[in-house]
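Here is how names work: the chains are called A, B, and so on, in the same order as the sequence lines, proteins then strands, and each is numbered from 1. Reckoned from all heavy atoms, side chains included, excluding hydrogens, waters and symmetry mates.
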Amino acid sequence: MTTAPKLPKGTRDFPPEVMLKRNYIIDTIKTVFKKYGFLPLETPALENLSVLMGKYGEEGDRLLFKILNSGDFLKNVNEKDFGNSTKITPLISEKGLRYDLTVPFARFVAANRHQISFPFKRYQIQPVWRADRPQKGRYREFYQCDADVVGTKSLICEVEIIQTIREVFSLLKIDDYTIKINHREIIRGISEFAGQKGKETELAVAIDKIDKIGWQGVADELTSRGFSNENIENIKSIISIEGELSEKLQKLGSLLENNSGKKGVEEMSKMLQLLDYAGENLSNLEFDISLARGLSYYTGAIFEVKINGVQIGSVSGGGRYDNLTGVFGVEDVPGVGFSFGIDRLFDCMEELNLFPTKNPENTKALLVHFDEPSFNYGLKLLSEIRKSNISAEIYPDFSKLKKQIQYADKKGISYVVFIGSDEINTGEFTVKNLVDGSEQKLNKANLIEFLKE
RNA sequence: GUGGUUGUAGUUCAGUUGGUUAGAACGCCUGAUUGUGGUUCAGGAGGUCGCGGGUUCGAGUCCCGUCUCCCACCCCA
């Protein structure tokens, strides 16, 4: 092997056969987003570090990719400070790669708040970068696919998120999945109920791991975070509530008498009511009291979607936040957002074999020829086929028929059209279906109609 | 960021206590009545064994470093 050039750690190429499938997912999602009134937005890969730093916690700052200043980037650095990276980093790097799409979006909203008319609905599908250590399904460059509505507190936004998820999954033919929902105020209420008012963040972080480490693990973590045995028993009594969605909600409502708990239960009930008005049922919906989601900026409803029967984390998630742009000094911009994990969706669909065998983006027909006269004759036919909006190509070299057909076969092209002296003389073209092997003769007009299908 | 694991043809992997020209399968190329692919058959090409150093008469095999991949934690999509 000649020294093959390598990719940076945690990055990938997407070859055509992968891109066709990725585009299938992305196009499906875009179609649904548009249908629900979301408009596209893109922001730069680079942001000023002042925008990025401090927004993701200490951990996040460590995972930011920082970009070295151009030119004589050491001119401001004192020689004594060499070796002290915390001191010289701000002097040599002012820009970084975006870490997620939410902060750039918040920056955009804060900067353009006078031009934007609220409520503002946008979607954004772009790569983000994190200097994390890669693992399976964890990359240093990956795509996020976010949709947010800002400038309204209406719960119809939450309901529309559920509808959007259902519609996307239905189009992708994914039917065995669970949309878990919960509410941050409910977690807050539980914290208060447990006797640890105000420690909902600690509670949320611990409780979120229940799927992974089990109840005992959560209990241990709560202990280490300062919860007493009595507190933990109280939490357990809430977490272990069983039943149907509305039944659970009712039981919870009767237990949580504090303001937060009541508010959470009330909003959840309202959402279900709106869902019903919209003509939607409760299928695939699950009220998961242990669902917390790590991001601390959520304040209202929270969502997470898992595909059943596939060993992979959530493929979609989101929630409501009160104050998107607060970090940029612009208050009172509430909103709700969610995102699809495209890479994970891809893996799930691959595993469940849900990709369509025929990809509409692929070439539909290949023209094969025997000699120069038939090649030349074929060029005109090719143009006419393409004019009818059918993707087609002609084999560019004078190769054996076998080779030409093999090319079509490998590329997954469904039809081969033969151009030879017979065809030129009669005007009847032999077209072969490579999927089932059938052949038929058609004149030009019929051939084009046939390929249009 | 912490701890661990892996690395041999395009791909998935064999390779015995270190011992001559490093193997298989699939894939690829060529051919089997030069107007027909996916099946079959016959040939063929392709590896300085991740990279760098060390031990040894001799290293794919042992040691050190480095990179990569993967796993757990942290965190997260």
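Side-chain polar atoms of A:Ser228 and A:Asn231 form a donor-acceptor pair below 3.5 angstrom. A:Tyr36 and A:Glu167 share a donor-acceptor pair across their side chains, judged by distance under 3.5 Å alone. A:Thr178 and A:Asn308 share a side-chain donor-acceptor pair at under 3.5 Å.
Between A:Lys121 and A:Phe33 the shortest side-chain heavy-atom distance does not fall below 4.5 Å.
Going from atom NZ of A:Lys402 over to atom C1' of B:rG38 covers 10 Å, rounded to whole Å. If you take CZ of A:Arg140 and C1' of B:rC75, they are 14 Å apart, rounded to a whole angstrom. The interatomic distance linking A:Asp409 (CG) with B:rU39 (P) rounds to 8 Å, in whole Å. As a whole-Å value, the separation of A:Tyr415 OH from B:rG37 C1' is 16 Å. Between A:Leu401 atom CG and B:rG31 atom C1' there is a gap of 17 Å when expressed in whole angstrom units. Put simply, CD1 on A:Ile413 is 16 Å from P on B:rG38, counting in whole angstrom units. Taking atom CG of residue A:Asp13 and atom P of nucleotide B:rC69, one finds them 13 Å apart after rounding to whole Å. Between A:Glu372 atom CD and B:rG35 atom P the separation is 17 Å, expressed in whole Å.
Ring centroid separation for the pair A:Phe346 and A:Tyr24 does not come in under the 6.0 Å cut-off. Between A:Phe303 and A:Phe338, the gap from one ring centroid to the other reaches at least 6.0 Å.
Nucleotides B:rG46 and B:rG27 have their C1' atoms positioned 12 Å apart, rounded to a whole Å. One P atom belongs to B:rU33, the other to B:rC70, and the distance between them is 47 Å to the nearest Å. B:rU20 and B:rG53: their C1' atoms are spaced 26 Å apart (whole Å). B:rU68 and B:rC51 have their P atoms separated by 15 Å, given to the nearest Å. As rounded to the nearest Å, B:rG38 and B:rA72 have C1' atoms that lie 44 Å from one another. A distance of about 13 Å separates the C1' atoms of B:rA24 and B:rU8, rounded to the whole Å. Across the P atoms, B:rG15 and B:rG50 are found 15 Å apart, a figure rounded to whole Å. Taking atom C1' on both nucleotides, B:rU40 is separated from B:rC13 by 26 Å, rounded to a whole Å.
For the atom pair CZ (A:Arg12) and CD (A:Glu141), the distance works out to 7.5 Å, reported to the nearest 0.5 Å. From A:Ile342, atom CD1 reaches atom OG of A:Ser316 across 10.5 Å, with rounding to the nearest 0.5 Å.
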Anything under 3.5 Å between a donor and an acceptor, one on a side chain of residues 42-54 of chain A, the other on a protein residue two or more places apart or in another chain? List them.
| from | atom 1 | to | atom 2 | distance (Å) |
| --- | --- | --- | --- | --- |
| A:Thr43 | OG1 | A:Gln124 | NE2 | 3.0 |
| A:Glu47 | OE1 | A:Arg107 | NH1 | 3.0 |
| A:Glu47 | OE2 | A:Arg107 | NH1 | 2.5 |

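For B:rG35, the base is not stacked against the aromatic ring of A:Phe418, per a cut-off of 5.5 Å between centres and 30° between planes.
One can find a donor-acceptor pair under 3.5 Å joining the base of B:rU36 and the side-chain atoms of A:Glu439.
Taking only side-chain atoms of A:Lys432, from C-beta outward, the nucleotide of B:rC74, B:rC76, B:rU36 with the closest atom is B:rU36. When distances run from any side-chain atom of A:Arg133 to the nucleotides B:rG35, B:rC74, B:rG1, the shortest one goes to B:rG1. The A:Glu423 side chain lies nearest to B:rG35 when the options are B:rG35, B:rC28, B:rG38. Among the nucleotides B:rG38, B:rC75, B:rA77, the one closest to any side-chain atom of A:Phe142 is B:rA77.
Toward the 5′ end of RNA chain B lies the nearest nucleotide of A:Arg62, the other residue of the pair A:Arg62 and A:Ile419 mapping further downstream. Nearest-nucleotide positions on RNA chain B place A:Pro8 closer to the 5' end than the other of A:Asp132 and A:Pro8.
No engagement by A:Val431 is indicated, since no non-hydrogen atom pair under 4.0 Å with the nucleic acid exists. A:Gly437 comes within 4.0 angstrom of a base, heavy atoms only. The residue A:Tyr407 sits apart from the nucleic acid: no heavy atom pair falls under 4.0 Å. Residue A:Gly10 is in sugar-phosphate contact alone, with no base atom involved, counting any heavy-atom pair closer than 4.0 Å across all strands shown. Within 4.0 Å (heavy atoms only), A:Asp100 reaches no atom of the nucleic acid at all. Looking at heavy-atom distances under 4.0 Å, A:Lys209 makes contact with sugar-phosphate atoms alone, never a base. If you check every strand for non-hydrogen atoms under 4.0 Å, A:Ser314 touches sugar and phosphate atoms only. Note on A:Gln406: only backbone sugar-phosphate atoms sit closer than 4.0 angstrom, heavy atoms only; bases stay farther off.
Proximity of A:Lys400 to the phosphate of B:rG31: a side-chain N or O atom is located under 4.0 Å from OP1 or OP2. The phosphate of B:rU68 (OP1 or OP2) has a side-chain N or O of A:Lys9 nearer than 4.0 angstrom. Contact annotation: A:Gln135 reaches the phosphate of B:rA72 (side-chain N/O to OP1 or OP2, under 4.0 Å).
Scanning RNA chain B for stems, defined as runs of 3 or more consecutive Watson-Crick or G-U wobble pairs whose donor-acceptor distances all fall under 3.5 Å, gives the following ranges: B:1-4 with B:70-73, B:10-13 with B:23-26, B:28-32 with B:40-44, B:50-54 with B:62-66.
Annotation: cation-pi geometry not satisfied between A:Arg122 and A:Phe108 (NZ/CZ under 6.0 angstrom from ring centroid, within 45° of ring axis).
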